[in-house]
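Counting convention: from 1, in listed order, for ligands and their atoms alike.
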Amino acid sequence: MKALLLAGGKGTRLRPLTIHTPKPIVPIFNRPFLHYQIDLLRQVPEIDEVILSLNYQPRRIEEMFGDGSEVGIKIRYVVEPAPLGTAGAIKYAGDDLRESVVVFNGDVLTEINLAEVIALHRSRKARATIVLTPVDNPTAYGLVDTDAEGNIQRFLEKPNADEITTNNINAGIYILEPDTFDRIPSNVSWSIERSYFPSLIERQETFVAYVYGGYWIDIGTPAKYSQVHRDIMDGRYAAEPFRSGAAAHTWISPDAKIEDGATIEGPCFVDEGALVKAGATVGPYSVIGRQTQVEEGAVVTGAIVWPNCRISRDATVREAILGRQCHIGRNVTIGPGAVLGDKTTLTDFTRA
Ligand code: GDD
Ligand code: MG
């Protein structure tokens, strides 16, 4: 059985972080996001190949995962000549599929038991099965109504507030029968959410829901990207290096340097080669990337700082996200909510 990951979007809501780093490989702590999805897929022995459907900056992703031998599963890449939308991408990448395929949006993190979803798909002899998950506000997602037997009655992408009839949304995880792809036109942009799913309902094909109440998040906005780090530090989602339940969920690389007189308040993460100088503070829910320096008197709290940044003396970085190689000058105060692209330089005393 094959898994197809839709990983070709531009990641616009995560800009500027995604200008130089496509969303599927933004780091979560020190691992590119796709690693977490591949870990989940590897739990299903039946899945023997992952097809990555790419469009935006595909080479960066291919270079990182190669043929998959380092992550323990065969990986194949299909690069669209132009973005074909979620259904067009499946048609383009999955044209030679002859058996049920697992499809994943390339930006969702979850602990779902995929084998159970596959079993439901088979027992219901479904043409398509989709995972639903409850959220507080469905407007940013695809709203899905079902009947009491779990048959899907309505799929409404990005509903207006007055159209909300349920909290259950499309979790971006599907099991599909490839012979249903015949309705997807070739080489034009087509949406699985707006066209393919509604078509299954219209034609009254067996289209069923698996409702999942466990951990699920779409990392595609700065708020959610920050949230996933907090969730892992708090133990709501189990992932290395926090899996072991280490005290206070603080992880400091043995190859980081924390000078005497520096203050570290957990939970937080300090990666290898980082330097936290005397008098500096790394506060709760901070992530300090590889080789990043936090100088005397600087405070980083609730912020995610990618590798090779420098936070100069007496600067304060609060609840912000910093791309790679940012240079934050002395006495700068930024956040909450700031998102800086790679190589941003902030002059001394900047406030933002
Ligand atoms: N290959 C390819 N080509 N991939 C694409 C394209 C494309 O043209 N467009 C989007 N993708 C990929 C994105 O990279 C992402 O992994 C996935 O498809 C979904 O696109 P998003 O842009 O993240 O969609 P969304 O988050 O607004 O909504 C989708 O996900 C929600 C769950 O997180 C929808 O499927 C909603 O119905 C769903 O609730
Ligand atoms: Mg998304």
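Defined by atom type and a distance below 3.5 Å, a donor-acceptor pair is missing between the side-chain atoms of H20 and Q57. Using modelled atom types, one finds no donor on one side chain facing an acceptor on the other under 3.5 Å when comparing S226 with Y285. With 3.5 Å as the limit, one finds a donor-acceptor pair spanning the side chains of S53 and E80. R183 and S199 share a side-chain donor-acceptor pair at under 3.5 Å.
With a heavy-atom cut-off of 4.0 Å, A89 touches ligand 1 through its side chain alone. When non-hydrogen atoms are compared, ligand 1 lies under 4.0 Å from the backbone of A7 (N, CA, C, O) but not from its side chain. By the criterion of a heavy-atom distance under 4.0 Å, the side chain of V108, and not its backbone, is placed next to ligand 1.
Each of the atoms 28 (O), 34 (C), 36 (C), 37 (O) of ligand 1 lies under 4.0 Å from some heavy atom of E157. Remark: ligand 1 atoms within the under-4.0 Å shell around heavy atoms of S53 are 1 (N), 2 (C). The P83 neighbourhood of ligand 1 comprises atoms 8 (O), with distances under 4.0 Å to a heavy atom of that residue. Listed by number with element, the atoms of ligand 1 under 4.0 angstrom from any heavy atom of G106 are 16 (O). Against a heavy-atom cut-off of under 4.0 Å, G142 is close to the following atoms of ligand 1: 36 (C), 37 (O), 38 (C), 39 (O). Near K23, the atoms of ligand 1 lying under 4.0 angstrom from a non-hydrogen atom of the residue are 23 (O). The R13 neighbourhood of ligand 1 comprises atoms 21 (P), 22 (O), 23 (O), 24 (O), 25 (P), 26 (O), 27 (O), with distances under 4.0 Å to a heavy atom of that residue. Those atoms of ligand 1 that come under 4.0 Å of a heavy atom in L84, given as number and element, are 8 (O).
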As a quick check of understanding, evaluate salt bridge (charged side-chain N to carboxylate O under 4.0 Å, His left out) for R330 and D348, giving each step before the final call.
CA-CA 5 Å; R330 289 186 179 197; D348 296 352; 5.3 Å; no

Could you walk me through whether Y196 and T86 pass the side chain to side chain donor-acceptor pair (under 3.5 Å) check?
CA-CA 10 Å; Y196 170 93; T86 43; over 6 Å; no

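Below the 2.8 Å limit, the Mg ion (ligand 2) has as protein N, O or S neighbours D107 OD2, D218 OD2.
Residue contact check for ligand 1: T86 places a non-hydrogen atom closer than 4.0 Å to it. In this structure, K10 does not count as a contact residue of ligand 1, since none of its heavy atoms falls inside 4.0 Å of the ligand. The closest approach between any non-hydrogen atom of G220 and ligand 1 is not below 4.0 Å. Using a 4.0 Å cutoff on heavy atoms, Y174 counts as a contact of ligand 1. Taking a 4.0 Å cut-off on heavy atoms, W216 registers as neighbouring ligand 1.
For the pair M1/V102, a side-chain contact is recorded, criterion being any heavy-atom separation below 4.5 Å from C-beta on. With a 4.5 Å cut-off on side-chain heavy atoms, E259 and L275 count as touching. R42 places a side-chain heavy atom less than 4.5 Å from the side chain of D39. Between T133 and T110, every side-chain heavy-atom pair lies at or beyond the 4.5 Å cut-off. Using a 4.5 Å heavy-atom cutoff, the side chains of E265 and T263 are in contact. Using a 4.5 Å heavy-atom threshold, the side chains of I304 and W306 count as touching. Contact annotation: the side chain of V144 never approaches that of T166 to less than 4.5 Å [non-hydrogen atoms, C-beta and beyond].
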Identify each donor-acceptor pair in which a side-chain atom of residues 333-346 lies under 3.5 Å from a protein atom, sequence neighbours left out, and give them as a table.
from	atom 1	to	atom 2	distance (Å)
T333	OG1	R351	NH1	3.3
D342	OD1	R324	N	2.9
T344	OG1	G341	N	3.4
T344	OG1	G341	O	2.6

Using distance only, find each side-chain donor-acceptor pair of residues 6-14 under 3.5 Å and give its atom names and separation, not counting sequence neighbours.
none

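In terms of polar-atom proximity, defined here as any N/O pair under 3.5 Å, Y141 makes no such contact with ligand 1. Considering backbone and side-chain N/O of L6, one or more are found under 3.5 Å from N/O of ligand 1. At under 3.5 Å, not a single nitrogen or oxygen of A171, backbone or side chain, sits near a nitrogen or oxygen of ligand 1. Not a single N or O atom of G172, backbone or side chain, sits closer than 3.5 Å to an N or O atom of ligand 1. At least one N/O-N/O distance between N105 and ligand 1 falls below 3.5 Å. The shortest N or O to N or O distance between A140 and ligand 1 is not under 3.5 Å.
The shortest contact between atom 8 (O) of ligand 1 and any protein heavy atom is with G85 N, 2.8 Å. Closest protein heavy atom to atom 14 (O) of ligand 1: G9 N, 2.8 Å. In terms of protein heavy-atom proximity, atom 4 (N) of ligand 1 is nearest to G8 N, 3.1 Å.
For atom 25 (P) of ligand 1, a protein heavy-atom neighbour is found at a distance under 4.0 Å.
Heavy atoms of other residues, nucleotides or ligands lying less than 6.0 angstrom from CZ of R124 number more than 12.
Contacts of E163 classified as salt bridge (charged side-chain N to carboxylate O under 4.0 Å, His left out), with partners at least two apart in sequence or in another chain: none.
The option with the heavy atom closest to atom 28 (O) of ligand 1, from among E193, K158, E80, is K158. By heavy-atom distance, the residue among N168, I169, I219, N170 lying nearest atom 39 (O) of ligand 1 is N170. The heavy atom nearest to atom 33 (O) of ligand 1, considering only D218, T221, D107, is found in D218.
Salt-bridge formation is not detected for the pair E177/R127: no Lys NZ or Arg NE/NH1/NH2 atom is positioned less than 4.0 Å from an Asp or Glu carboxylate oxygen.
Cation-pi geometry between R31 and Y36 is met: under 6.0 angstrom from the ring centre, within 45 degrees of the axis.
Classification of the F197-F207 ring pair by plane angle, with boundaries at 30° and 60°, yields parallel.
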